**Q** 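Have a look at this one.
In this text the structure is predicted, and so the values were computed from the model without any measurement. Quick note: residue numbers are just sequence positions, from 1.
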Amino acid sequence: MPVTYTDQEAILTATVAIEEAETLLAWLKEHGQGSVNVQGCQHLHTAVLQVLLALRPPLGEPPTDPFLKEHVWPLLQSDGEMAG
């Protein structure tokens, strides 16, 4: 299972597909103080990324996947403002 939910954390692992986006969105809305752990994530569908970018939940450690760590993690850490 690519996403495991606890009372306080959504843990994303392996390949997180588009099918997970709606459930993650609902969980984040229901658990306003919940955090997301992306450390074990190896692939993140853009729909899931959009949920994370829109709601900006607290995140744990960076992903270990090199691509996600280099290209996606900085987006998740930014304040949403684009440099101009």
Side-chain angles (χ1 to χ4, degrees):
M1 189 161 225
V3 183
T4 303
Y5 297 97
T6 69
D7 288 339
Q8 298 178 359
E9 184 177 48
I11 304 163
L12 282 57
T13 58
T15 298
V16 184
I18 190 171
E19 294 83 11
E20 304 296 333
E22 189 173 348
T23 305
L24 178 61
L25 176 63
W27 184 88
L28 286 169
K29 286 183 175 182
E30 185 176 320
H31 297 83
Q33 300 299 315
S35 64
V36 178
N37 179 332
V38 296
Q39 190 171 18
C41 187
Q42 297 170 350
H43 175 81
L44 193 62
H45 191 279
T46 54
V48 177
L49 176 60
Q50 289 173 341
V51 168
L52 296 175
L53 290 172
L55 297 181
R56 300 285 179 174
L59 301 169
E61 297 295 317
T64 56
D65 177 81
F67 179 84
L68 292 177
K69 187 173 185 175
E70 184 175 344
H71 299 286
V72 176
W73 184 251
L75 294 173
L76 296 173
Q77 296 299 297
S78 73
D79 61 4
E81 295 293 321
M82 297 296 292

**Q** Listing request: all side-chain hydrogen bond (donor to acceptor under 3.5 Å, both in side chains) pairs with a residue in residues 25-36, at least two apart in sequence or in separate chains.
**A** Trp27-His31

**Q** Name every donor-acceptor pair, under 3.5 Å, that has one atom in a side chain of residues 63-72 and the other anywhere in the protein, sequence neighbours excluded.
**A**
residue, atom, partner, partner atom, Å
Thr64, OG1, Gln39, O, 3.3
Asp65, OD2, Phe67, N, 3.2
Asp65, OD2, Leu68, N, 2.9

**Q** Of Leu44, Leu24, Val36, Thr46, which meets side-chain contact (heavy atoms from CB on, under 4.5 Å) against Val51?
**A** Leu24

**Q** Going by side-chain hydrogen bond (donor to acceptor under 3.5 Å, both in side chains), name the pairs with one or both residues in residues 12-25, residues two or more places apart or in two chains.
**A**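 Output for this query is empty, none listed.
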
**Q** With sequence neighbours excluded, give me every ring-ring contact (aromatic ring centres under 6.0 Å, His included) pair touching residues 38-62.
**A** none

**Q** Quick one: do Leu28 and Ile11 end up in the same hydrophobic cluster if we chain Ile, Leu, Val, Met, Phe, Trp and Tyr together by side-chain heavy atoms under 4.5 Å apart?
**A** no

**Q** If you take all heavy atoms of Pro57 and Gly34, which pair is closest and at what distance?
**A** CB-O, 4.0 Å

**Q** Please report the shortest heavy-atom distance between Glu9 and Asn37, naming the atom on each side.
**A** OE2-CB, 3.3 Å

**Q** Looking at every heavy atom in both Leu53 and Leu75, which two are closest together, and how far apart are they?
**A** CD2-O, 3.7 Å

